[in-house]
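Working notes for the structure below.
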Amino acid sequence: EKGGYDHFMLKEIYEQPSVIKDTYRGRLNSAQGIIKMSGIEDNLEKFLNANRIIIIACGTSWHAGLVAEYIFEEFARINVEVEYASEFRYRNPIINSNDVVIAISQSGETADTMAAIKLAKEAGAFVFGVCNVVGSSISRESHAGAYTHAGPEIGVASTKAFTTQITVLTMIALRLAKAKGTLSHSDFHRYLLELELIPEKVKEALETNDIAEEIAATFKDVANCLYLGRGYNFPVALEGALKLKEISYIHAEGYPAAEMKHGPIALIDEHMPVIVVAPIQGHYDKIVSNIQEIKSRSGRIIAIVTKGDTEVRKLADYVIEIPETSDALSPLITTIPLQLLSYHIAVLRGCNVDQPRNLAKSVTVE
Ligand code: M6R
């Protein structure tokens, strides 16, 4: 049932090229310049008239929401807020009837997300669910939705759910951008073509497995790890840290790279590995100077870079090369080596990768 893999998590990591394709198949047609999801088409006016979009989720799904915030704002110029469901539901949030709430949940059973949806509905908001499990409670409780087509995710650590969530959310943003005219025709088209190239690029990114395993062997006994990224890759840093924490029990923190100087840089010494997500697109020069700051304090640097990178390579102790894509789509690629890295570290530490201690696949209690 693990398809020849040692763990479900590894199997699910390797399924990503095909499930990302499953997720956009029948919904995206680059030749015709079409993105079509019935849940969006049927409710297009609601999205177009929305004052803002509030995204509610927990854990990895919340990280997908953060990536979506950047994408929605850039592509569709809609104000987006991303909330932890557990915080949102208990703080007497301001919800208006022209708010659109997007709830993201792999399982569709997360208690806090479910409760937040109920609250939003009571306040008259339109609730759109992005779930993986068909017929799940959240998919039923939402007014409309779009499924991710990741297939069953068994490993407690979410992997393919994350990348398929980003795929669905990117398609929604593109559809809205088309309706609003906030992306030029050529940019819209370019993104459709690039999305179709993602499965191939994820496949290529999976070839980093061996180097990830080597790096894992070097770092498996560390006590702490920092993950840094900027822009679209800031949430990827958070997700990388969460993945390491939950399956290897190593303390890890994700930070926006520029926040280093506001505190965490005090942690840097020769014992602190810093994983930096530094693709060529985006804020490359800025992240190079962040890496310099770490280097000058003797931090050990593992960098995720674009193939052919020259600058980061001069500074980093280890580089993991991934194929190039646009800044906005890069989380779909940069996240792959981070999944592999935490997987191998956890295996080398003898951890129960698929069922880490204290965790359940769906968190149905608050
Ligand atoms: O099923 P959901 O997407 O609602 O679950 C949310 C979180 O419990 C989940 O993403 C959790 O953080 C994962 N174990 C992370 O790998």
Side-chain angles (χ1 to χ4, degrees), residues 1-24 59-61 63-64 67 106-107 132-133 148-168 197-217 219-220 225 227 229 233 235-250 252 254 275 277 279 302 304 320-323 325 329-356 359 361:
E1 54 181 356
K2 290 181 197 144
Y5 292 94
D6 289 344
H7 299 93
F8 282 109
M9 181 184 178
L10 193 62
K11 171 174 179 263
E12 289 159 5
I13 289 173
Y14 274 86
E15 280 172 352
Q16 288 174 111
S18 71
V19 295
I20 292 172
K21 200 179 273 174
D22 291 343
T23 297
Y24 69 65
T60 290
S61 297
H63 295 152
V67 173
Q106 187 286 129
S107 63
N132 189 46
V133 177
T148 49
H149 295 170
E153 192 183 62
I154 311 287
V156 163
S158 191
T159 53
K160 61 177 181 168
F162 180 65
T163 45
T164 54
Q165 285 163 347
I166 295 175
T167 304
V168 162
L197 293 176
I198 290 293
E200 237 359 89
K201 291 182 182 179
V202 170
K203 214 179 263 174
E204 221 180 307
L206 287 166
E207 288 166 17
T208 62
N209 186 53
D210 290 351
I211 168 105
E213 194 172 0
E214 271 170 46
I215 297 173
F219 290 94
K220 70 179 178 41
C225 249
Y227 284 74
N233 284 296
V236 171
L238 295 181
E239 173 60 9
L242 175 61
K243 221 87 299 174
L244 188 70
K245 276 185 264 214
E246 69 178 330
I247 61 169
S248 76
Y249 318 140
I250 294 174
I275 292 120
V277 189
I302 303 159
I304 312 299
I320 303 182
E321 289 193 320
I322 47 151
T325 183
L329 301 186
S330 64
L332 292 166
I333 311 293
T334 51
T335 203
I336 305 294
L338 301 188
Q339 294 170 346
L340 290 167
L341 190 63
S342 38
Y343 170 77
H344 287 297
I345 291 178
V347 169
L348 291 171
R349 288 167 67 95
C351 297
N352 187 346
V353 173
D354 285 333
Q355 280 181 303
L359 289 169
K361 184 62 186 163

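Bear in mind that the values here come from a model prediction, so they are computed numbers and not experimental data.
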From Y343 atom OH to S248 atom OG, the distance as rounded to the nearest 0.5 Å: 13.5 Å
By salt bridge (charged side-chain N to carboxylate O under 4.0 Å, His left out) - contacts of K361 (at least two apart): E153
Partners meeting salt bridge (charged side-chain N to carboxylate O under 4.0 Å, His left out) with K11 (sequence neighbours left out): E15
Results of ring-ring contact (aromatic ring centres under 6.0 Å, His included) for Y5 - residues two or more places apart only: Y14
All side-chain contact (heavy atoms from CB on, under 4.5 Å) counterparts of E246, not counting sequence neighbours: V156, A157, L242, K243, L359
Worked check of side-chain contact (heavy atoms from CB on, under 4.5 Å) between L10 and L340: CA-CA 8 Å; L10 193 62; L340 290 167; 4.0 Å; yes
Side chain to side chain donor-acceptor pair (under 3.5 Å) involving D22 - partner list, sequence neighbours excluded: R25
Under 3.5 Å side-chain donor-acceptor pair for T60 and E239: yes
Non-neighbouring partners of K203 that pass salt bridge (charged side-chain N to carboxylate O under 4.0 Å, His left out), sequence neighbours left out: E200
Heavy atoms of other groups near K201 NZ, more than 12 under 6.0 Å: yes
Sequence-distant partners of S330, side chain to side chain donor-acceptor pair (under 3.5 Å), two or more places apart: N233
Flag side-chain contact, heavy atom, 4.5 Å: V277 against L338: yes
Those residues that, when tested against Y227, pass ring-ring contact (aromatic ring centres under 6.0 Å, His included) (two or more places apart): none
Minimum heavy-atom distance P331-V236, with the two atoms named: CB-CG2, 3.5 Å
Residues which pass side chain to side chain donor-acceptor pair (under 3.5 Å) with Q355, listed by chain and number, not counting sequence neighbours: none
Gap between atom NZ of K245 and atom OG of S342 - 0.5 Å precision: 12.0 Å
All side chain to side chain donor-acceptor pair (under 3.5 Å) counterparts of Q339, not counting sequence neighbours: Q16
Distance, nearest 0.5 Å, that separates OG1 of T164 from OH of Y24: 13.0 Å
Test log, rule side-chain contact (heavy atoms from CB on, under 4.5 Å), inputs I320 and I215: CA-CA 10 Å; I320 303 182; I215 297 173; 3.7 Å; yes
Considering all heavy atoms, the nearest A150-T23 contact: N-OG1, 4.4 Å
Set of residues satisfying ring-ring contact (aromatic ring centres under 6.0 Å, His included) with respect to H149, sequence neighbours excluded: none
With S18 via side-chain contact (heavy atoms from CB on, under 4.5 Å) - residues at least two apart: none
Stepwise side-chain contact (heavy atoms from CB on, under 4.5 Å) test for T334 and I322: CA-CA 7 Å; T334 51; I322 47 151; 3.5 Å; yes
Side-chain touch M9/I13, heavy atoms, less than 4.5 angstrom: yes
